[in-house]
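A short write-up of the structure that comes next.
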Amino acid sequence: MGSPEEARVRLPQLRLDELLEELQARLDAARGTRDRVHSLLEAVLSVGRELDLEQALRSIVEAAAVLVDAEYAALGVIGPDGRRLSAFHTVGVTEEEIARIGPYPEGHGILGELIRRPEPLRLAKISEHPASYGFPAHHPPMNTFLGVPIRVREQVFGNLYLTEKRGGGQFDEEDVSVTQTLAVAAGVAIDNARLYEESRLRERWLRANADITHSLMSGGESTEVLALIADRAREITGSALAAVALPMEDTGSLTVEIAVGMDAEAHRGLVLPMKSSLMGLAFADAAPVHSTDVAHEERISPEPPRFGGLGPAVAVPIGTGEAGPRGVVLLARETGQPGFSATETEPLQAFAAQAAIAMELAERRQDAEQVAVLQDRDRIARDLHDLAIQRLFATGMTLQSAGRFIEHEEAAERVARAVDDLDETIKIIRSTIFGLRAREGAGEAGLRARAVRVVGEAAPVLGFAASVRMEGLLDTDVPKEIADQVVAVLSEALTNIARHAHADRADVLLATDGREVRLSVTDNGVGIPDGGRRSGLRNMAERAEQLGGRLELGTPEGGGSALVWRVPVPKA
């Protein structure tokens, strides 16, 4: 044991050591605070530099995980309904783990608590909170939790979720403060990224409008212009499918003229009813119509199946002026993709309105050209009548009079034949004049409209509406005498299905490639029985043979009957 003097020497030394340790601790704390502030400033600058929205969200999640030393972090974007998450960005979980866990959360349990009450939430153990109801299978274990809302212009954009503080510690008030500061910077960064994205989107829509206007004004074919509208809209909105439908006169139906993208062949040429199709509803209401899952949309007729693998969709009318829409453009994304937001639909509507104006101007130009052609025809017909025919007639009269003075028998016969040839020429010219002045097919519906009308009239007898698809220039390439036979055969085929097939589905395909017209009618009924009455089929076969065509009968893979009636189309 030391002396009292030695004890007095050791006591101040112990106190000095304690003071030095406390000073060192405070220096370490100050240094840690300085480093954390420095890290926070770096995170704010890093997040603020991002102009791509998806990359900005990713940077926010990564920065938050580093700042509070969390093993797992996520940013949930709140959807348009304000009740569930529409997107989920994660850090700390591998792609393989995500695949095993399954779909991203929608905002139930603890995640939904922040949606319902957008204020910081700190938990020592997630499972002890009343809103918690466990994790799905294969989910990594999580206990400690810190959640902070992100606001953009006073509106809650989403939430930061941080779990499992490294080292087994708890999230403290300083973690909350740092995360809230990052959330404020994140709100500004997200707003800037969205504004930048919207400006780029507007620029792309303007370029697309310019392309369409240029194509129409330079005399581009209407089908080319419609394809351009569909392709540009699909590209800009990131859609898997785009289709454009136009109204069919006097039928109350739309026909899909253009379809590009995923399973486009299933849509191209379809005739759609107004009341049981997304495009028909948009046309009838002259307003956009949305669907969160077009493949299972109750407002759409399921037949024929055509939306497999597709989810969110929107149908937008092309023009909504006094004359009503000129058509409809449909866009659909793959299943699991986000829906069409208001910021996407608004420029799409403006694009469709501009396209409608361009189409109107192009039609006016075509009308003016048509008037010029008709006026030129009238002038030619007038000149032929007033000049050519009169001179030919006078020449014929002169030759006929001169023939009486010709004594040579053979010469007189030749003059008489010349007079007859002139009479025949006058008849040909008169027929040409009539053709120039006539308005061919005026007041008559085309083959497309007549076929749709026949299918519509057959619906009450069938007990269901048959699906219709049309391809090619049916109204211009198919002459009236053949069109009459097509309509008669279609009516006979649908009547046979109603009487004998016991079917609940029928598909009609009417197409022409300029060389032949083909009518295909299939059903899922009992098929054509052997030895049954075939008077109707015999009539259809005779109609085809009279026009140089044929009738083919078969059985589809799923049963029923398939009728194909085809005849050649004479070249103009």
Side-chain angles (χ1 to χ4, degrees), residues 201-202 204-239 241-261 264 267-275 277-291 294 299-300 312-333 340 342-367 448-449 452 470:
L201 191 62
R202 281 194 297 269
R204 295 179 70 185
W205 282 121
L206 289 172
R207 282 203 302 266
N209 269 319
D211 290 343
I212 290 166
T213 302
H214 179 267
S215 179
L216 282 167
M217 293 298 100
S218 60
E221 293 291 333
S222 60
T223 53
E224 294 177 3
V225 176
L226 292 177
L228 186 61
I229 290 173
D231 193 57
R232 289 290 188 274
R234 183 175 71 96
E235 176 189 348
I236 293 173
T237 59
S239 300
L241 170 74
V244 177
L246 301 179
M248 298 183 66
E249 190 175 357
D250 300 326
T251 63
S253 303
L254 299 172
T255 178
V256 181
E257 296 288 347
I258 298 293
V260 292
H267 299 262
R268 197 174 295 126
L270 275 179
V271 176
L272 304 174
M274 291 290 182
K275 295 182 180 179
S277 67
L278 208 65
M279 300 177 91
L281 294 172
F283 186 89
D285 297 339
V289 177
H290 292 77
S291 174
V294 70
R299 294 171 292 178
I300 297 176
V314 61
V316 176
I318 301 176
T320 55
E322 294 181 1
R326 306 180 66 81
V328 180
V329 57
L330 170 75
L331 297 169
R333 290 175 175 152
F340 291 86
T343 56
E344 291 178 300
T345 306
E346 288 175 8
L348 177 59
Q349 286 181 269
F351 169 73
Q354 290 295 326
I357 293 172
M359 291 169 67
E360 179 76 20
L361 291 174
E363 283 187 10
R364 293 290 177 265
R365 178 178 57 78
Q366 291 174 356
D367 289 344
R448 284 172 170 257
V452 171
M470 298 188 183

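None of the values given here were measured: they were computed from a predicted structure.
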Please report the shortest heavy-atom distance between [X] and [Y], naming the atom on each side.
X	Y	answer
Ile258	Ala227	CG2-CA, 3.6 Å
Ala282	Ala315	CB-O, 3.5 Å
Ala259	His267	CB-CB, 3.9 Å
Val294	Ala313	CB-CB, 3.8 Å
Ala286	Pro317	C-CG, 3.6 Å
Gly327	Pro247	CA-CD, 4.2 Å

**Request:** State which residues pass side-chain hydrogen bond (donor to acceptor under 3.5 Å, both in side chains) with Arg207; sequence neighbours excluded, sorted by chain then number.
**Result:** Glu203
So, do [X] and [Y] sit near enough that their side-chain heavy atoms are less than 4.5 Å apart?
X	Y	answer
Pro347	Arg204	no
Arg326	Leu246	no
Phe283	Val289	no

**Complete:** Those residues at least two apart in sequence (or on a different chain) that pass ring pair (Phe, Tyr, Trp, His ring centres under 6.0 Å) with Phe340 are none
**Prompt:** Ion pair present between Arg448 and Glu257, side-chain N to carboxylate O less than 4.0 angstrom?
**Reply:** yes
**side-chain contact (heavy atoms from CB on, under 4.5 Å) assessment of Ile318 paired with Val244** = CA-CA 9 Å; Ile318 301 176; Val244 177; 4.0 Å; yes
**Request:** Would you please name every residue forming a salt bridge (Lys or Arg N to Asp or Glu O under 4.0 Å) with Glu346, sequence neighbours left out?
**Result:** none
**Request:** Check step by step if side-chain contact (heavy atoms from CB on, under 4.5 Å) holds for Glu344 and Val314.
**Result:** CA-CA 10 Å; Glu344 291 178 300; Val314 61; over 6 Å; no
Straight-line distance of [X] [atom1] to [Y] [atom2], nearest 0.5 Å:
X	Y	atom1	atom2	value
Thr237	Leu201	OG1	CG	9.0 Å
Leu330	Leu254	CG	CG	11.0 Å
Arg299	Leu281	CZ	CG	6.5 Å
Ile236	Arg202	CD1	CZ	13.0 Å

**Message:** Test your reading of the model: is there a side-chain donor-acceptor pair from Arg333 to the backbone of Pro312, 3.5 Å cut-off?
**Reply:** no
